[in-house]
2 protein chains.
Amino acid sequence: MSNTQLLQYVRSFVSLTDEEAEQFAAPFEEVHVKKRQFVVQPNFTNKHRAFVVKGAFRSYAIHDGQEHTLQFAIENWWVSDFNSYIYQHPATLFIVALEDSVLLQIEHAKEQELKKANHKFETFFRIMAEKGLAFEHRRIIFNLCHSAEARYENFILNFPNFIQRVPQYALASYLGMTTEFLSRIRNKKAHRRS
Amino acid sequence: MSNTQLLQYVRSFVSLTDEEAEQFAAPFEEVHVKKRQFVVQPNFTNKHRAFVVKGAFRSYAIHDGQEHTLQFAIENWWVSDFNSYIYQHPATLFIVALEDSVLLQIEHAKEQELKKANHKFETFFRIMAEKGLAFEHRRIIFNLCHSAEARYENFILNFPNFIQRVPQYALASYLGMTTEFLSRIRNKKAHRRS
DNA sequence: AACTACATCAACCTTTTTTCTTGATCTGCT
DNA sequence: AGCAGATCAAGAAAAAAGGTTGATGTAGTT
């Protein structure tokens, strides 16, 4: 059961009794999406917070016709347009499945109930937010300080399991460079090794 | 300007002074969508009525895993999940762009204001609804009375400019037959001609 | 002035996906 | 039995997605 996976994840942050675990998992529903399917689109409010049980996602914005990737998510990551979700405003991001995937999603209102119901649940969501914030801070600083090549190398180092699963144009736009330039970096690297 | 196109259309049904035209057009906003992008999805309320300035759309329902096409729309047609739009209830249809397209859309509330503001606007929307209703009546009767082949021939006759723009599987599901059967009809027809 | 780090544009190739076609077989009607 | 049409499976054809390369440009450095 896919709840097991979610609960295992949650329990790695807060300890839950079996009843608590059950209570936490209850409001989540399983959703299957096919590759290339959108789960969030601009102008539609992002009503759920979603946990990736299986598969891969990309969230991105389009500005002046250019796609800018904000995030990738694979198993045991969360995906949503956070600005849309927490304020329950229309989304500005696209979130699309990069593979056939399975999500566990909880409605915004249900999440509020959970947090009210049990202090541990509140703690869990706080930890998620803090981790997310810290991660983005590291990312921003790193991006500001390093060259395109260094950013790519860093990505490989930190997310080796993403590399085979995200398309290169998406990775390029995540790392803030053109797809052509990323292609050249990879090429150069391959030659160096041989 | 794409408003011109809308106003020309409106004026073909009701006469408007220039001020009226301006007032009518004001609440419409232009939206660009790419091929394969959804503008309406089940469970989200269809908040806008949309006029197709450029491009093509298809609205369809999924029942028992089968897609059933309700409508196609190209330039100068309107597209929405009408049941969702007029009652402002969650949609049951998908509406997807078949090509890169441009819409002019008006919010539900703004439309109500327009209709209150000027009798002519009320008249215009009444005409749209009546035309739509009459059209669907013709369609239903025709479908009940004719064979798959006759329905296809009729479509060609009445909507020659749709033929090249809608995929065949979509047309088949609009005409109430399988894509394979439509393929055979087309094939037979081609042979007859040569 | 040359060099580095990167962008843009266009062409092209490869792989994957989508769409369409065909044959074989089945069903329910008349 | 014969017709209108469905279903299933296999392929072919067409379109789209993804990736690479070369040429050329630019802004900031050395």
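Here is how names work: the chains are called A, B, and so on, in the same order as the sequence lines, proteins then strands, and each is numbered from 1. For the numbers below, each heavy atom of this structure counts, side chains included, while hydrogens, waters and symmetry mates do not.
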Send over the distance from [X] [atom1] to [N] [atom2], rounded to a whole Å.
X        : N      : atom1 : atom2 : answer
A:Gln168 : D:dT21 : CD    : C1'   : 13 Å
B:Asp64  : D:dT7  : CG    : C1'   : 16 Å
A:Tyr169 : C:dT14 : OH    : P     : 21 Å
B:Lys35  : C:dT19 : NZ    : C1'   : 10 Å
B:Gln164 : D:dA14 : CD    : P     : 17 Å

- Message: I need the single residue from A:Tyr60, A:Phe155, A:Tyr169 that forms a ring pair (Phe, Tyr, Trp, His ring centres under 6.0 Å) with A:Tyr174. Which is it?
- Response: A:Phe155
- Message: Would you say the rings of B:Trp78 and B:Tyr85 are close, in the sense that their centroids are separated by under 6.0 Å?
- Response: no
- Query: When you measure from the centre of the six-membered ring of B:Phe44, is the NZ or CZ of A:Lys47 under 6.0 Å away and within 45° of the axis?
  - Reply: yes
- Message: Counting only side-chain heavy atoms from C-beta out, which of D:dG5, D:dG19, D:dT20 sits nearest to B:Ser147?
- Response: D:dG5
- B:Phe181 side-chain proximity, nearest of C:dC6, C:dT21, D:dA4: D:dA4
- Task: Record whether the side chain of A:Arg184 comes under 3.5 Å of the base of C:dT8 through a donor-acceptor pair of N or O atoms.
- Result: yes
- Hey, is the side chain of A:Glu180 pairing donor to acceptor with the base of C:dC9 inside 3.5 Å? yes
- Message: Under a plain distance cut-off of 3.5 Å, with no hydrogens placed, do B:Asn118 and B:Gln23 share a side-chain donor-acceptor pair?
- Response: no
